[in-house]
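These notes are about the structure you will find just below.
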Amino acid sequence: MLVSLLFNSVSSLFVKVCCRQPDTITTFFFSPRLWQISGCLNYTTPCRQLWIRDVWSSVCQHLSKSFELHGVPRPAHVRHLSSWGTFRSELLGSSDESGSCSQSGRLLSTRQDLDFQLSQVQINSILRSNEQSVSVPEFYGGGLSSVRKFESNQLAANMPNEDHRSAATCLQGMLFGVFDGHGGWACAQAVSERLLYYIATAMMSKQSLEELEKCMEHCRPIPPILKWYKHHADYNYRDSASLYIDQLRVFWQELLDIEEHGEGMSPIDALECAFKRLDADISLEAQVPLSNDLMKSTAIQVAFSGCTACVAHIGTDGIHVANAGDCRAVLGVQEEDGSWSALPLSLDHNSQNQAEVERIRAQHPPSERDTIVTDGRLLGVLLPLRAFGDVRFKWSCALQQSVLSSLESAVDLDSLNLYQYMPLNYKTPPYLDVTPEIMYHKLRPQDHFLILGTDGLWDELTNAEAVRLVGEHLSGFHLQAPVSPSERNLKLGQMHELLLKRQARASPALDTNGATHLIRHALGTGEYGELCQERLASMLALPEDLARMYRDDITATVVYLNSDLARSHHS
């Protein structure tokens, strides 16, 4: 009744306006492009599309009556679109219209033949295109490996993808990292290539570093520092490779000058040192002259964009996790009753972490207390409170202006998406740093896997949900808790809802890759926890210029641990 009254009053006013400007007003309101931009149809679930259909039918019905009541002829545009089916087909376009695609082949929102009913084959193809599965040798470096295998996957929302991942074996164990870029993909790309090298180098003994230096001096092949596990689609900055090697060499030369280096740094010291040193090198490379304009452009893009990072070092007896930003590491633990519990090995560095907010406030004058974090963002702009790059929050105003003005003659700043603006209340930089928060966990027999994910994953799943999904995927069975006494007294509708939820948990897995299984459920879980094909298809079919409005880039890496090794150490 209320809706009817509201439509009557609004439609009456609308018709009165149409009497004066009938063509302009009605054409604008009923324009398919307007509804396309609003996203009312294109990016909703089928249930919501039904709601929109009902609203649309009501709008047309009330407008038609109002036109007749006021003696106004019904505009042709309204007559033509009074049918929901006609309106929907007009909005989505007929199948013979060509539409437009980006260079990447993904749909753009201007395309007229958008199809959100992807087949199961199409869904699987999209979800599995970047998945990776690697079995790790049982022995490495003369000892047993703590890792049995790992599975990883990525799903982009941005084009290009601003998430990156890394996995490698070093002399002291295995290293895994996930990196979430912002302000562009350049910083995450560079950090994913370089950070693990810095960590492994810091843990190397002085003797090993001396061997590296001798090889460089005599132009001999350098012994491999890392054994990488790359996906075939992974990209490297080949044009900057020589610069990166030179900077890494300077780093190990400085380590050689430290008398106490001896057998190398501990994992905790190496992780912190590597994070800070790489960020300092990124800052330096943007300031100094480089050999060519392409290398300089890359260095500038890396420094002015940013990325968060979460890196895990897994040794023979434990896990060290270094985190800077809002990526996350969660350990999957199987309890004695067979259920799964989540043990977080990192804390998010954002405004939801009050201790982190207070840490930053304490570094600046009391007069800035109310302006440092506003609207949940650093200086009202940046969501993560620790990150690589982002020199706009680290350099002084004078340094920023000096570097950017020196580029104007050789580099097109607009092409690099760089603009000379300054955040409000930028008074006492730096406001941002990359010092990682490091946690250590000694491996136990009940520790079965580690999930590393960018915030796009954790926006959709809680820690407990992610661990349960991977745990049940790993074990192959779904443990259901007994019906509690309170649940036995539920009404019929509530009992039906409970049964639907329990049935959804027992559905078979569609993916062999645990990371793909996570991403599928992150985007496709329905109201009762069931896997909703329509919802998943809609999320995957979003055009690339609007996808980021509905989801973030998602990267997930699942590391399966060697419980037998942990059991022998524990005993």
- Item | Any side-chain heavy-atom pair of Leu226 and Thr169 under 4.5 Å | no
- Item | Under-4.0 Å salt bridge between Arg369 and Glu358 | yes
- Task: In plain terms, say whether Asp447 and Arg444 are close enough for a salt bridge, that is, a side-chain N and a carboxylate O under 4.0 Å apart.
- Result: yes
- Task: Tell me, with the steps shown, if Arg468 and Glu465 meet salt bridge (charged side-chain N to carboxylate O under 4.0 Å, His left out).
- Result: CA-CA 5 Å; Arg468 179 184 61 79; Glu465 288 171 339; over 6 Å; no
- Are any of the side-chain nitrogens in Asp433 or Arg359 under 4.0 Å away from the carboxylate oxygens of its partner? yes
- Query: What residues, two or more places apart in sequence or in another chain, satisfy side chain to side chain donor-acceptor pair (under 3.5 Å) together with Trp458?
  - Reply: none
- Partners passing side-chain contact (heavy atoms from CB on, under 4.5 Å) against Glu193 (at least two apart in sequence or in another chain): Gln189, Asn236, Tyr237, Tyr244
- Query: Ignoring hydrogens and geometry, is there a side-chain-to-backbone donor-acceptor pair from Asp390 to Arg392 under 3.5 Å?
  - Reply: no
- Query: Which word best sums up how the rings of Tyr431 and His364 line up, parallel for under 30°, tilted for 30 to 60°, or perpendicular for over 60°?
  - Reply: parallel
- Item | Distance-only polar pair, side chains of Ser145 and Glu138, donor-acceptor under 3.5 Å | no
- Query: Can you check whether Thr516's main-chain N or O pairs, donor with acceptor, with Asn513's side chain at less than 3.5 Å?
  - Reply: yes
- Message: Among residues at least two apart in sequence or on other chains, which ones pass side chain to side chain donor-acceptor pair (under 3.5 Å) with His231?
- Response: none
- Task: Please answer whether the main-chain N or O of Gly376 pairs with a side-chain N or O of Ser351 as donor and acceptor at a distance below 3.5 Å.
- Result: yes
- Going by heavy atoms in the side chains, are Cys170 and Ile225 under 4.5 Å from each other? no
- Side chain to side chain, Ile554 and Asp455, heavy atoms closer than 4.5 Å: no
- Query: Quick one: are the ring centres of His320 and Tyr440 less than 6.0 Å apart?
  - Reply: yes
- Message: Among residues at least two apart in sequence or on other chains, which ones pass salt bridge (Lys or Arg N to Asp or Glu O under 4.0 Å) with Arg238?
- Response: none
- Query: Partners of Lys230 by salt bridge (Lys or Arg N to Asp or Glu O under 4.0 Å), sequence neighbours excluded?
  - Reply: none
- Would you mind listing every side chain to side chain donor-acceptor pair (under 3.5 Å) that reaches into residues 270-282, with sequence neighbours excluded? Tyr198-Asp281, Glu254-Arg277, Glu272-Lys276, Arg277-Asp281, Asp279-Lys394
- Task: Measure the spacing between CG of Leu195 and NE2 of His164 and express it to the nearest 0.5 Å.
- Result: 14.0 Å
- More than 12 foreign heavy atoms under 6.0 Å from CD of Gln207: is that the case here? no
- Gap between atom NE2 of His349 and atom CG of Leu347 - 0.5 Å precision: 6.0 Å
- Check: Ser346 side chain, Ala329 main-chain N or O, donor-acceptor pair, under 3.5 Å: yes
- Distance only, no hydrogens: is a donor on one side chain within 3.5 Å (strictly under) of an acceptor on the other, for Asn130 and Asn153? no
- Task: List in chain and number order the residues that pass side-chain contact (heavy atoms from CB on, under 4.5 Å) with Ile126, two or more places apart in sequence or in another chain; answer none if no residue qualifies.
- Result: Leu118, Leu155, Leu540
- Task: Look only at the side chain of Asn562 and the backbone of Ser146, and say whether a donor-acceptor pair between them is shorter than 3.5 Å.
- Result: no
- Query: Is the Phe304 ring parallel, tilted or perpendicular to the Trp395 ring (thresholds 30°, 60°)?
  - Reply: perpendicular
- Message: If you take the centroid of each ring, where Trp contributes its six-membered ring, are Phe449 and Trp340 closer together than 6.0 Å?
- Response: yes
- Message: Using modelled atom types and a 3.5 Å cut-off, is there a donor and acceptor pairing between side-chain atoms of Asn350 and backbone atoms of Gln352?
- Response: yes
- Message: Could you work out, with side chain to side chain donor-acceptor pair (under 3.5 Å) as the rule, every residue matching Thr555, not counting sequence neighbours?
- Response: Gln154, Asp163
- If you round to the nearest 0.5 Å, how far is OG1 of Thr435 from CG of Leu271? 12.5 Å
- Task: Would you confirm whether Thr371, through its side chain, and Asn425, through its main-chain N or O, come within 3.5 Å as a donor-acceptor pair?
- Result: no
- Message: To the nearest 0.5 Å, what is the distance between OG1 on Thr557 and CG on Leu450?
- Response: 9.5 Å
- Task: Determine whether the side chains of Tyr229 and Ser152 contain a donor N or O and an acceptor N or O closer than 3.5 Å.
- Result: no
- Answer with yes or no after comparing the ring centroid distance for Tyr560 and Phe150 against a 6.0 Å cut-off, counting only values under it. no
- Would you check if there is a donor-acceptor pair between the side chains of Gln253 and Glu213 at a distance under 3.5 Å? yes
- Query: For Ser396, which residues count as a side-chain contact (heavy atoms from CB on, under 4.5 Å) partner, sequence neighbours excluded?
  - Reply: Ala398, Leu399
- Query: Can you find a side-chain donor-acceptor pair between Glu162 and His182 that sits under 3.5 Å?
  - Reply: no
- Query: For Arg165, which residues count as a salt bridge (Lys or Arg N to Asp or Glu O under 4.0 Å) partner, sequence neighbours excluded?
  - Reply: none
- Message: When you measure from the side chain of Ser406 to the backbone of Val403, do you find a donor-acceptor pair of N or O atoms at a distance under 3.5 Å?
- Response: yes
- Query: Can the ring centroids of Tyr197 and Phe251 be said to lie less than 6.0 angstrom from one another?
  - Reply: no
- Query: Does a side-chain N-to-carboxylate-O contact under 4.0 Å join Glu285 and Arg194?
  - Reply: yes
- Query: salt bridge (Lys or Arg N to Asp or Glu O under 4.0 Å) with Glu210: which residues, sequence neighbours excluded?
  - Reply: none
- Message: Quick check for you: to the nearest 0.5 Å, what is the distance between Asp234 atom CG and Ser166 atom OG?
- Response: 7.5 Å
- Item | side chain to side chain donor-acceptor pair (under 3.5 Å) partners of Glu335, counting only residues at least two apart | Ser341
- Item | Check against side chain to side chain donor-acceptor pair (under 3.5 Å), Asp553 and Asn158 | CA-CA 6 Å; Asp553 299 325; Asn158 294 289; 2.8 Å; yes
- Query: Are side-chain N/O atoms of Asn463 and Arg328 paired as donor and acceptor at under 3.5 Å?
  - Reply: yes
- Item | Donor-acceptor pair, side chain of Lys442 and main chain of Ile319, under 3.5 angstrom | no
- Just wondering, more than 12 heavy atoms not from Glu217 lying within 6.0 Å of its CD? yes
- Message: If I take atom CG from residue Asp239 and atom CG from residue Leu290, how far apart are they, to the nearest 0.5 angstrom?
- Response: 12.0 Å
- Item | Presence of salt bridge, Arg361 and Glu368, under 4.0 angstrom | no
- Exercise: do Ser283 and Gln287 side chains pair donor with acceptor under 3.5 Å: yes
- Item | Any donor-acceptor N/O pair, Gln172 side chain to Met203 backbone, under 3.5 Å | yes
- Message: Heavy-atom count check: over 12 atoms from other residues, nucleotides or ligands less than 6.0 Å from Leu256 CG?
- Response: yes
